[in-house]
Each structure stands twice: as C-alpha cells, then as structure tokens.
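Take a look at the structure set out below.
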Amino acid sequence: MLTINNVTKHYDKTEALKHVSITIPGGACYGLVGPNGAGKSTLIKMITSIIRDYKGKIEFNEKRITDKTKQKLGYVPQDIILEEDISAFSNLQLFGRLYNLKGNSLNQRIKEVLALIGLSERGKDKVFAFSGGMKRRLNIGCALMHNPDLIIMDEPTVGIDPQSRKYIFKMIEDLKTAGKTVIYASHYMEEVEKLCDYVAFLDRGEMIENGAISELLQQYAVPSIYVKGSGIPQDKLEQYGTVSQEDGAFILYTEKALEAMEHIISYCRENRLDVERMELVHPRLEDVFFRLTGSNLRD
Ligand SMILES: Nc1ncnc2c1ncn2[C@@H]1O[C@H](COP(=O)(O)OP(=O)(O)OP(=O)(O)O)[C@@H](O)[C@H]1O
C-alpha cells in the first residue's frame, strides 16, 4: 500500500501540489488524471524521491521511501531514456546492473523482460532502428528489470502505434495478475477507465476527487439518451432532464433514462414521428471529470 499524506510542493512561487492525500491499495492499478500542469509528474517524482523537498509524508508499506525501499519501485518516465546505439539486450543489462543483478540471474531476467515486453525476437537489434512504440515498451522493460512491487508509469502511451498500445495494456494486465501495484498517469481518460480500478483527478495542484472508478461513475455521471429523428420537439425531452444537441441529434441527460425512452417512443408513435436512432449511452469517466471541473480534460 502507498500512502500519500497531505503533500504540498512549491517551485518558487508556483504551488504545484496543494495538500494532496491519496491511499493506493496494494495490487491495484491506480490512475492519475489531470490536464497539463495539474501536478501529476511532480507527484510521481515525489513518490520516486526524485523530488525530496516537499511538505507531507509518503510511505510505501508503512515505511518512508528511502534508498532501500526504492528498490521495490519501478519508474517509467515520460521521456524515453534509452541508449540508442546499443541493443535492447544491452539496455536492459545496463538497468539490471544498476540494481545489482549479475551473471546468470541478470541474463535470465533480461530474457524474461524481453518476453514480457514482446521483444524477444529483437533483443540483439540496436534501439535506433526501433519504432516509437517499441522504444516505449523497452523503456517500461528497463523499469521492470529488478522485479519491483510498485510500478509508476508517466504517460506511457504518448505518441505510439495502436499495436504497441495494445501490448502495453496487456503488460499492465499481466502485472496486475502478478499482484503488482501500478500507478498510471495519463491524459487518456478512456485508457484509465479500461485499465485502472481507482482514479485520482488532479487539477491545478489540487486533488478534486478520488476513489474506485465504478463508484465515481455511479456517484457523478448521469446516464444519457441519444435521440435522432425528425420533428421531435426539444421541450418534450426537457421534461426528463437537460438536453444538448450534437450533429442534428439530441442528447438527453436524465436519471430516469428508461422511463424517458418509453415516453419518447410512445410520443413519436402517436404523432407519427420517425425515430431514426435512439440509444442509452453509458456514462464515462470523461463525464465524471466534466461534472467535477466543468471542462473536458483535453479542451
Ligand atoms: N522544475 C520546475 N520548475 C518550476 N515549475 C515547475 C517545474 N516543474 C513543474 N513546474 C510547474 O508545476 C506545475 C505542475 O507541473 P507538472 O509537470 O507536475 O504537471 P503535469 O500534470 O505532470 O503536467 P503535464 O501533463 O504537462 O506533464 C505546473 O504549473 C508546472 O509549470
């Protein structure tokens, strides 16, 4: 378990984090979400003790993060930190040695990690020949060499191809199955919704809300109905909730979705109006963020 207790960080006059507290249960995948400048990278650097001058307390399994406990942490930075002129194997070897792996156990671990990141066939190839996605996978592999219990990933899918993204998702699922704890900072809300069990929303250094994704969806997101058809009066829909328009269709946000759908269908039948398409839209994490902040993450 990782506990972040009332942490505050200033960079000169910028207050990058303000009294943030989060508890991350062991074995969970925890999303950190927020717009540019929200404080995600600062928080991650504090967890990994790259930044040490802050107020508050961060503990992993009830111990302050020291050079010794740091051995249990794996950090995948936003920027790729690989030696391009040497092979994938040699890059992993470098990182393994940093964690005191040697001889057979080092070679064995390199093989395991190459398999985990889907690059077994490319171990001998120099990194400069790799695609952006392969470099990202190798970057993650470097952080896994010492088999850490907590893996912290800062925007690991930025600028990569769909195949590598899929591979990274699978790696995270495998890490979860192996009982590892994962912190996943991302701008991509749909990725967090798919991969993570919990999420913390950060905005301008403040933690706006956090908790289990399923509970936040229930608490904050209102279901909506997509209705497309000719002649359907907007005020009929407004009897059930708030209505917005999108590409010639209505989106009705309502807590009484099924009742509203039944009434819209019978109204259209009675008045011989044509319903081209009507469907219930399940709320998304993006909607929760919008509800809490009044803006979209990528505005
Ligand atoms: N080294 C630094 N010196 C001064 N200000 C900084 C420094 N690093 C970050 N900041 C400021 O602190 C705030 C939080 O930045 P941080 O990089 O943690 O946000 P972020 O959520 O990771 O954003 P992004 O998604 O753009 O990486 C921002 O206002 C940023 O400009």
Side-chain angles (χ1 to χ4, degrees), residues 2-24 28-60 65 70 73-82 132-133 135-136 139-140 142-143 150-160 164-165 168-169 172 181-196 198-211 213 216 284-299:
L2 183 83
T3 48
I4 298 161
N5 194 354
N6 198 19
V7 296
T8 293
K9 165 73 191 162
H10 288 89
Y11 295 104
D12 297 324
K13 283 183 186 152
T14 311
E15 204 171 15
L17 283 176
K18 304 169 198 169
H19 304 287
V20 170
S21 295
I22 307 174
T23 300
I24 300 182
C29 185
Y30 207 107
L32 282 184
V33 171
N36 289 333
K40 304 179 295 294
S41 297
T42 300
L43 183 58
I44 284 177
K45 286 179 190 159
M46 285 156 66
I47 299 169
T48 51
S49 69
I50 294 170
I51 293 176
R52 292 171 189 238
D53 58 328
Y54 61 85
K55 286 191 195 137
K57 198 157 82 173
I58 301 180
E59 287 183 331
F60 183 54
I65 297 168
K70 242 169 90 175
L73 268 58
Y75 170 48
V76 183
Q78 215 175 85
D79 301 318
I80 291 180
I81 38 151
L82 298 168
K135 287 180 190 171
R136 282 253 167 232
N139 211 35
I140 297 174
C142 292
L150 170 65
I151 299 104
I152 303 158
M153 300 187 179
D154 196 355
E155 306 271 2
T157 57
V158 167
I160 63 168
S164 286
R165 172 169 287 134
I168 291 175
F169 290 175
I172 292 171
T181 309
V182 179
I183 298 179
Y184 192 87
S186 180
H187 276 93
Y188 301 118
M189 201 87 81
E190 61 284 2
E191 290 188 0
V192 171
E193 195 173 338
K194 180 178 159 58
L195 292 169
C196 301
Y198 299 86
V199 68
F201 291 122
L202 293 173
D203 195 16
R204 285 172 234 159
E206 290 184 57
M207 216 226 358
I208 316 167
E209 184 54 289
N210 69 336
I213 291 179
L216 294 179
R284 311 303 307 259
L285 204 53
E286 189 90 41
D287 303 322
V288 177
F289 188 81
F290 187 81
R291 181 92 187 267
L292 288 164
T293 63
S295 59
N296 286 313
L297 189 59
R298 278 174 276 169
D299 269 351

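Counting begins at 1 with the first residue of the sequence. Numbering of ligands and ligand atoms starts at 1, following listing order.
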Closer than 4.0 Å and a protein heavy atom, does any atom meet both conditions relative to atom 4 (C) of ligand 1? yes
Got a protein heavy atom sitting under 4.0 Å from atom 31 (O) of ligand 1? no
side-chain contact (heavy atoms from CB on, under 4.5 Å) assessment of Glu155 paired with Lys40: CA-CA 10 Å; Glu155 306 271 2; Lys40 304 179 295 294; 3.8 Å; yes
Are the side chain of Asn139 and the backbone of Ile81 linked by a donor-acceptor contact shorter than 3.5 Å?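 Between the backbone of Ile81 and the side chain of Asn139 there is a qualifying donor-acceptor contact (under 3.5 Å).
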Distance-only, no hydrogens or angles: does the Ser186 side chain make a donor-acceptor pair with backbone N or O of Tyr188 under 3.5 Å?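 Here the side-chain-to-backbone pair exists.
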How far apart are the closest heavy atoms of Ile213 and Glu193, and which atoms are they?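 For Ile213 versus Glu193, the nearest heavy atoms are CD1-CA, 4.3 Å.
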Only one of Ile51, Leu43, Ile4 passes side chain to side chain contact (heavy atoms under 4.5 Å, CB included) with Leu17, and that residue is Leu43
Please identify which of these residues, Leu32, Thr3, Leu2, meets the side chain to side chain contact (heavy atoms under 4.5 Å, CB included) condition with Ile22.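 Only match with Ile22 under side chain to side chain contact (heavy atoms under 4.5 Å, CB included): Leu32.
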Report yes or no: does a heavy atom of [X] sit under 4.0 Å from some atom of ligand 1?
{"X": "Gly39", "value": "yes"}
{"X": "Lys45", "value": "no"}
{"X": "Gln78", "value": "yes"}

Considering non-hydrogen atoms of the protein only, which is the closest contact for [atom], and what is the distance?
{"atom": "atom 25 (O) of ligand 1", "value": "Lys40 NZ, 3.0 Å"}
{"atom": "atom 18 (O) of ligand 1", "value": "Thr42 OG1, 2.5 Å"}
{"atom": "atom 6 (C) of ligand 1", "value": "Tyr11 CD1, 3.3 Å"}
{"atom": "atom 29 (O) of ligand 1", "value": "Thr14 CG2, 3.7 Å"}
{"atom": "atom 17 (O) of ligand 1", "value": "Ser41 CB, 3.8 Å"}

Answer with side chain, backbone, both or neither: which part of Asn36 has a heavy atom less than 4.0 angstrom from an atom of ligand 1?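 Both backbone and side chain.
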Distance under 4.0 Å to a non-hydrogen atom of His187: what atoms of ligand 1 satisfy this? 25 (O)
Which atoms of ligand 1 have any heavy atom of Ala38 under 4.0 Å away?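 Close to Ala38: 19 (O), 20 (P), 21 (O).
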Judged on heavy-atom distance to atom 28 (C) of ligand 1, which of Gly37, Gly205, Pro35, Ala16 sits nearest? Gly37
Inter-residue atom distance Arg165.CZ - Glu191.CD, 0.5 Å rounding: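 One gets 5.0 Å once the value is rounded to the nearest 0.5 Å.
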When you check the side-chain N and O atoms of Thr42 and Tyr54, is any donor under 3.5 Å from an acceptor? no
Do Arg284 and Glu190 sit within salt-bridge range, that is, some charged N less than 4.0 Å from a carboxylate O? no
